[in-house]
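Scroll down for the structure; my scribbles are underneath it.
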Amino acid sequence: MFDKNTSYTNENIELFVDDANIALHEQHNGFGKRKIEKSKPDHEIKWSNCLTVIRDNITENPFKTWFIPLKPLRYERDTLTLKVPSQFFLEWIEENYYDLLQKTVFNVFGENTLLDFEIVVEKASNTLEERTIKVDGKNQQKSLSFDIEKKTEDEYPETLNSRYQFDNFVIGDSNQLASSATQAVSEKPLHNRYCPLFIYGNSGLGKTHLLQAIGNSVRRNEPKLKVLYLSSEKFYTDFIDSIRDNKVSKFMAFYRNIDVLLIDDIHILAGKDKTQDNFFYIFNALYQAGKLIVITSDRSPVELKDIDNRLISRFQQGLCVDIKPPEFETRVAIILKKAKDEGIEIPMDVVSFIAQNVVNNVRQLEGTLISILAKVAFDHRQLNVELAREVIGANNVSSEEKVLTIDVIKQLVSNHYSIHIDEMESLSRKHEIALARQMAMYLGKKLTMLSLKKIGAAFGKRDHSTVLHSIKTIDNYIFTDPVVKKDCRVLTDKCQEYL
Ligand code: ADP
Ligand code: MG
């Protein structure tokens with residue numbers, strides 16, 4: 001499939017430049033042609049001619065960087081197959097030089113020529129890794145085939161929960177589109193025009209359920225496909241681990257080998273730039289190969305904050321659907337379905353009472369029902385409206401209000417900086433601990449009505465002048481340090497959700 005003895009050394013580069021020069025020379029002088037035709041296949045000569053044209057159209061550096069390493073592997077049935085050294089390389093060419101490349105190839109090889117690429121990845125040692133990825137050009141159907149190290153089953157961790165199926169997902173107006181779209185992609189996972197499918201909506205409305213249902217359905221219908229469901233948090237921590245263990249390329253190779261990538265809660269990657277970069281490359285590789293990518297988020301792509309614009313525009317390339325809180329009829333249907341699954345008959349007045357009082361979140365609806373049924377089973381209570389009222393009142397489920405307290409701020413800052421709350425309250429002056437503490441005090445002053453004294457008291461009995469100093473320090477940082485400025489913005493956004 002590829003020439004194992006070839007690597008991109010300087011010698012090769014010169015050879016290619018020479019080829020181009022010879023071809024150029026031939027065109028101008030009309031001699032030496034026969035000799036070259038004898039020693040080289042026709043498609044290589046033509047490719048040299050292409051290089052000459054391309055060289056005339058772009059500057060020297062990009063020419064050397066992006067075109068010299070391309071190698072014509074074969075020309076068969078009107079298709080020119082070029083070897084490229086990496087996925088990234090291919091994407092760059094496609095994004096920046098595809099028109100030039102295609103026009104030149106049309107001119108030299110003929111108007112009907114199709115372009116095809118094979119990625120041949122080199123190891124750092126300069127020996128070729130046994131890996132070829134075939135990727136068709138933009139003008140054809142896309143396919144990706146790996147003939148490298150077959151992954152063993154346990155490298156695809158079983159993260160699917162069989163509880164989440166399409167059959168037990170209750171459909172109503174609020175989730176109709178999301179439900180149809182997820183079923184459509186699971187019926188035809190590869191080369192689906194809805195890819196990437198982006199599902200967004202508030203917490204507890206069934207995003208994970210549908211995402212996992214796709215995975216379960218594909219596993220059942222097409223067991224050969226490699227399905228991976230994972231949270232964005234897991235993607236992030238795995239990526240960090242791979243950096244720590246110096247295994248980033250293995251990490252990337254693993255993801256690129258997947259047929260159906262189901263990635264939950266992408267908003268978690270906000271501000272994690274390096275992880276986003278890598279997700280971007282994986283996304284492109286899978287997308288170009290016609291693999292299925294389904295993403296969930298708590299908000300629409302345009303509303304995502306601190307996510308790279310390149311990713312946001314990729315997310316908009318396919319189909320975006322939202323899930324809204326279920327309307328009354330759907331809430332009733334969900335309660336009835338869940339009760340039936342538990343083998344319980346539930347009086348209609350109790351069903352309506354629950355549906356009227358738990359409105360925003362299916363998870364809470366489920367939780368309420370389970371609590372009620374537990375009381376019936378263990379406390380031998382009557383299944384009636386009174387019991388439902390008691391449970392809903394006790395769980396305070398209908399009150400969705402979130403309140404921004406200093407404790408919430410401390411928790412958000414603690415999560416953001418990975419600094420324990422105890423450390424923020426301690427006397428430590430270590431820079432990262434002091435910064436987290438100052439940031440929490442700053443947000444406390446900016447976003448709550450608390451006095452400096454009360455804020456100070458929440459951080460190990462510090463006095464109001466310490467709080468004032470912290471606020472000034474963060475104010476200064478905002479002008480001088482872009483990292484702290486960004487931290488402050490991200491944390492303010494998180495706090496705003498409680499306002
Ligand atoms: P999200 O990922 O949007 O936060 P989940 O998918 O985790 O929400 O859903 C929360 C719970 O509600 C899960 O147990 C899920 O099975 C259930 N659920 C959500 N929507 C429905 C629905 N339409 N029909 C049946 N169960 C649902
Ligand atoms: Mg979820």
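Note that these values count all heavy atoms, side chains included, but never hydrogens, waters or copies made by symmetry. Start at 1 and go down the list; that is how both ligands and their atoms are numbered.
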**Message:** Ignoring hydrogens, what is the shortest heavy-atom contact between Leu304 and Ile307? Give both atom names and the distance.
**Reply:** CB-CG1, 4.0 Å
**Request:** Only heavy atoms count here, so choose which of Leu210, Val170, Thr296 is nearest to atom 24 (N) of ligand 1.
**Result:** Val170
**Asked** Should the proximity of Asn175 to ligand 1, defined as any heavy atom under 4.0 Å, be assigned to the side chain, the backbone, both, or neither?
**Response** side chain
**Prompt:** Do Asn161 and Tyr229 have a side chain donor and acceptor closer than 3.5 Å?
**Reply:** no
**Item:** Nearest non-hydrogen protein atom, atom 26 (N) of ligand 1
**Value:** Lys338 NZ, 2.9 Å
**Message:** Working note: Asp487 + Tyr417, criterion side chain to side chain donor-acceptor pair (under 3.5 Å); need CA distance, chi angles, decisive distance, verdict.
**Reply:** CA-CA 9 Å; Asp487 288 343; Tyr417 285 114; 2.9 Å; yes
**Asked** Considering only protein heavy atoms, which is closest to atom 18 (N) of ligand 1, and at what distance to one decimal place?
**Response** Val362 CG1, 3.2 Å
**Contact check, Lys337 vs ligand 1, heavy-atom distance below 4.0 Å** = no
**Item:** Which of the ligand 1 atoms, numbered from 1, are nearer than 4.0 Å to a heavy atom of Ser203
**Value:** 4 (O)
**Request:** Identify, for atom 4 (O) of ligand 1, the protein heavy atom at the shortest distance, and state residue, atom and that distance.
**Result:** Gly204 N, 2.6 Å
**Message:** Among all protein heavy atoms in this structure, tell me which lies nearest to atom 21 (C) of ligand 1, with the distance rounded to 0.1 Å.
**Reply:** Phe169 CE1, 3.5 Å
**Asked** Below 6.0 angstrom between ring centroids: does that apply to Phe279 and Tyr236?
**Response** no
**Asked** Does an N or O from Tyr164, backbone or side chain, lie closer than 3.5 Å to an N or O of ligand 1?
**Response** no
**Message:** Can you confirm whether Lys272 is buried at NZ, in the sense that more than 12 heavy atoms of other residues, nucleotides or ligands lie under 6.0 Å from that atom?
**Reply:** yes
**Asked** Are Gln316 and Ser313 close enough that a side-chain donor and a side-chain acceptor fall under 3.5 Å?
**Response** no
**Message:** Side chains of Ser231 and Asp264: any donor to acceptor distance under 3.5 Å?
**Reply:** no
**Prompt:** Is Asn202 in contact with ligand 1, taking contact as a heavy-atom separation below 4.0 Å?
**Reply:** yes
**Message:** Can you report which non-hydrogen protein atom sits closest to atom 25 (C) of ligand 1, along with the distance?
**Reply:** Asn168 O, 3.3 Å
**Request:** Output the list of atoms in ligand 1 that are nearer than 4.0 Å to some heavy atom of Arg163, sorted by atom number.
**Result:** 13 (C), 14 (O)
**Asked** What protein atoms of element N, O or S are positioned under 2.8 Å from the Mg ion (ligand 2)?
**Response** Thr208 OG1
**Complete:** If you compare Gln364, Arg363, His209 by their heavy atoms, the one closest to atom 7 (O) of ligand 1 turns out to be Arg363
**Prompt:** Please walk me through it: do Val294 and Phe198 pass side chain to side chain contact (heavy atoms under 4.5 Å, CB included)?
**Reply:** CA-CA 6 Å; Val294 187; Phe198 191 99; over 6 Å; no
**Request:** Flag Gly206 as yes when one of its N or O atoms lies below 3.5 Å from any N or O atom of ligand 1, and as no otherwise.
**Result:** yes
**Fill in**
Here the atoms of ligand 1 under 4.0 Å from any heavy atom belonging to Leu205 are 1 (P), 3 (O), 8 (O), 19 (C), 20 (N)
**Message:** Can you tell me how far apart CG (Leu230) and CG (Asp265) are? Round to the nearest 0.5 Å.
**Reply:** 10.5 Å
**Fill in**
atom 11 (C) of ligand 1: closest protein heavy atom, distance to 0.1 Å, is Glu366 OE1, 3.6 Å
**Prompt:** Parallel, tilted or perpendicular: which describes the rings of Tyr477 and His431, with under 30° parallel and over 60° perpendicular?
**Reply:** perpendicular
**Request:** Decide side chain to side chain donor-acceptor pair (under 3.5 Å) for Gln411 and Asp407; before the verdict, give the C-alpha distance in whole Å, the side-chain angles of both, and the deciding distance to 0.1 Å.
**Result:** CA-CA 6 Å; Gln411 190 60 57; Asp407 287 338; over 6 Å; no
**Side-chain touch Ile406/Leu450, heavy atoms, less than 4.5 angstrom** = yes
**Request:** Any chance you could measure Asp298, atom CG, to Ile268, atom CD1, to the nearest 0.5 Å?
**Result:** 8.5 Å
**Prompt:** Is there a donor-acceptor contact under 3.5 Å linking the side chains of Asn360 and Gln364?
**Reply:** no
